[in-house]
**Q** 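The structure follows.
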Amino acid sequence: QVQLVESGGGLVQPGGSLRLSCAASGIIFSIYAMGWYRQAPGKQRELVASITKGGTTNYADSVKGRFTISRDNAKNTVYLQMNSLKPEDTAVYYCTARRTGWGDYWGQGTQVTVSS
């Protein structure tokens with residue numbers, strides 16, 4: 001059974017911070033690339049950040065300099081540190097695991113709301 005469980009979402013004021021966590025089970029975590037997607041109501045799904053099994057990171061231009069993705073292979077967990085949050089960051093955030101040639105796995109999503 002493959003499971004990706006996100007946590008850490010919630011309501012935060014503009015300028016605030018949140019850290020999302022995604023705990024993986026049922027996969028050999030260290031050989032999977034991990035990523036965070038988000039989708040706001042009525043908007044297209046967006047890849048926010050990704051990290052390869054080797055630790056190479058990539059970010060959407062909209063979050064570059066504000067968000068940081070990291071992974072802890074000993075804990076089978078990927079994180080998304082979100083700083084300087086803006087109302088336009090409001091979305092459901094999804095954790096993904098990808099292995100080339102083997103398809104993707106998705107978490108259930110966690111809601112992030114940035115509002116005064």
**Q** For a quick test of reading the model, state the closest non-hydrogen atom pair linking Ala91 to Ala40 and the distance between them.
**A**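 Looking at all heavy atoms of both residues, the shortest contact is CB-N, 3.8 Å.
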**Q** Between Phe29 and Arg71, is there a cation-pi geometry (under 6.0 Å to ring centre, at most 45° from the normal)?
**A**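 Checked: cation-pi criterion met.
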**Q** Hey, mind stepping through Leu11 and Ser115 against side chain to side chain contact (heavy atoms under 4.5 Å, CB included) and telling me if it holds?
**A** CA-CA 7 Å; Leu11 175 65; Ser115 177; 4.3 Å; yes
**Q** What is the distance from atom CG of Leu4 to atom CD1 of Ile27, rounded to the nearest 0.5 Å?
**A**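 So the gap between those two atoms works out to 6.0 Å.
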**Q** Looking at the rings of Trp102 and Tyr32, which for Trp means the six-membered one, are their centres under 6.0 Å apart?
**A**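 That pair fails the under 6.0 Å test.
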**Q** Which atom names give the shortest non-hydrogen contact between Ser17 and Asn83, and what distance separates them?
**A**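 Taking Ser17 first and Asn83 second, the nearest heavy atoms are OG-OD1, 2.9 Å.
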**Q** Hey, quick one: are Val12 and Tyr79 part of the same hydrophobic cluster, counting side-chain heavy atoms closer than 4.5 Å, chains of contacts allowed?
**A**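 Hydrophobic grouping puts Val12 apart from Tyr79.
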**Q** Check the orientation of Trp106 and Tyr94. Use parallel for under 30°, tilted for 30 to 60°, and perpendicular for over 60°.
**A**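 Ring orientation, 0 to 90° scale: perpendicular.
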**Q** Find the distance between CD1 (Ile69) and OG1 (Thr56) and round it off to the nearest 0.5 Å.
**A**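 That separation rounds to 11.5 Å.
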**Q** Thr90 side chain to Val114 main-chain N or O, any donor-acceptor pair under 3.5 Å?
**A**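 Yes, Thr90 side chain to Val114 backbone: donor-acceptor pair under 3.5 Å.
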**Q** Stepwise, does the side chain to side chain contact (heavy atoms under 4.5 Å, CB included) test hold for Gln39 with Val92?
**A** CA-CA 5 Å; Gln39 188 164 26; Val92 177; 5.6 Å; no
**Q** I'd like to check the salt bridge (charged side-chain N to carboxylate O under 4.0 Å, His left out) partners of Glu46; sequence neighbours left out, ordered by chain and number.
**A**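 Checked Glu46 against salt bridge (charged side-chain N to carboxylate O under 4.0 Å, His left out); matches are Arg38.
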**Q** Using every non-hydrogen atom in the two residues, find where Ala60 and Leu47 come nearest and quote the distance to one decimal.
**A**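 The answer is CB-O, 3.5 Å.
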**Q** Taking a hydrophobic cluster as the set of Ile, Leu, Val, Met, Phe, Trp and Tyr residues connected by side-chain heavy atoms closer than 4.5 Å, whether directly or through intermediates, do Leu20 and Ile51 fall within one such cluster?
**A**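 In one cluster with Leu20: Ile51, yes.
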**Q** Looking at OG1 of Thr57 and CZ of Phe67, how far apart are the two atoms once the value is rounded to the nearest 0.5 Å?
**A**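 Rounded to the nearest 0.5 Å, the OG1-CZ separation comes out at 14.0 Å.
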**Q** In terms of hydrophobic clustering (I, L, V, M, F, W, Y; side-chain heavy atoms under 4.5 Å; direct or indirect links), are Trp36 and Val2 co-clustered?
**A**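 Per the 4.5 Å side-chain linkage, Trp36 and Val2 are co-clustered.
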**Q** Under 3.5 Å, side chain of Glu6 to main-chain N/O of Gly109, donor-acceptor pair present?
**A**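 It does hold such a pair.
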**Q** Count the heavy atoms belonging to other residues, nucleotides or ligands that lie under 6.0 Å from CZ of Arg66, then report whether that count exceeds 12.
**A**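 Yes, CZ of Arg66 has more than 12 neighbouring heavy atoms, counting only those of other groups under 6.0 Å.
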**Q** So, Lys64 and Asp61, do they make that salt bridge, N to O below 4.0 Å?
**A**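 Here Lys64 pairs with Asp61 in a salt bridge, since their nearest N and O are under 4.0 Å apart.
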**Q** Tell me the closest heavy-atom pair linking Ala49 and Leu80, and the distance in Å.
**A**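 Shortest heavy-atom separation between Ala49 and Leu80 comes out as CB-CD1, 4.1 Å.
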**Q** For the residue pair Leu18 and Leu85, what are the closest heavy atoms and their distance?
**A**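 Closest approach of Leu18 to Leu85, heavy atoms only: N-CD1, 3.9 Å.
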**Q** Counting only heavy atoms from other residues, nucleotides and ligands, does the tally under 6.0 Å from CD1 of Ile28 exceed 12?
**A**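 No, CD1 of Ile28 has 12 or fewer neighbouring heavy atoms, counting only those of other groups under 6.0 Å.
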**Q** Ser30 and Asn73: which non-hydrogen atoms are nearest, and at how many Å?
**A**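 Taking every non-hydrogen atom into account, CB-ND2, 3.8 Å.
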**Q** Taking Met34 as the starting point, is it possible to reach Val63 by hopping between hydrophobic residues whose side chains are less than 4.5 Å apart?
**A**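 Shared cluster, yes.
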**Q** Rounded to the nearest 0.5 Å, what separates atom CE in Met82 from atom OH in Tyr93?
**A**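 Met82 atom CE to Tyr93 atom OH measures 5.5 Å (nearest 0.5 Å).
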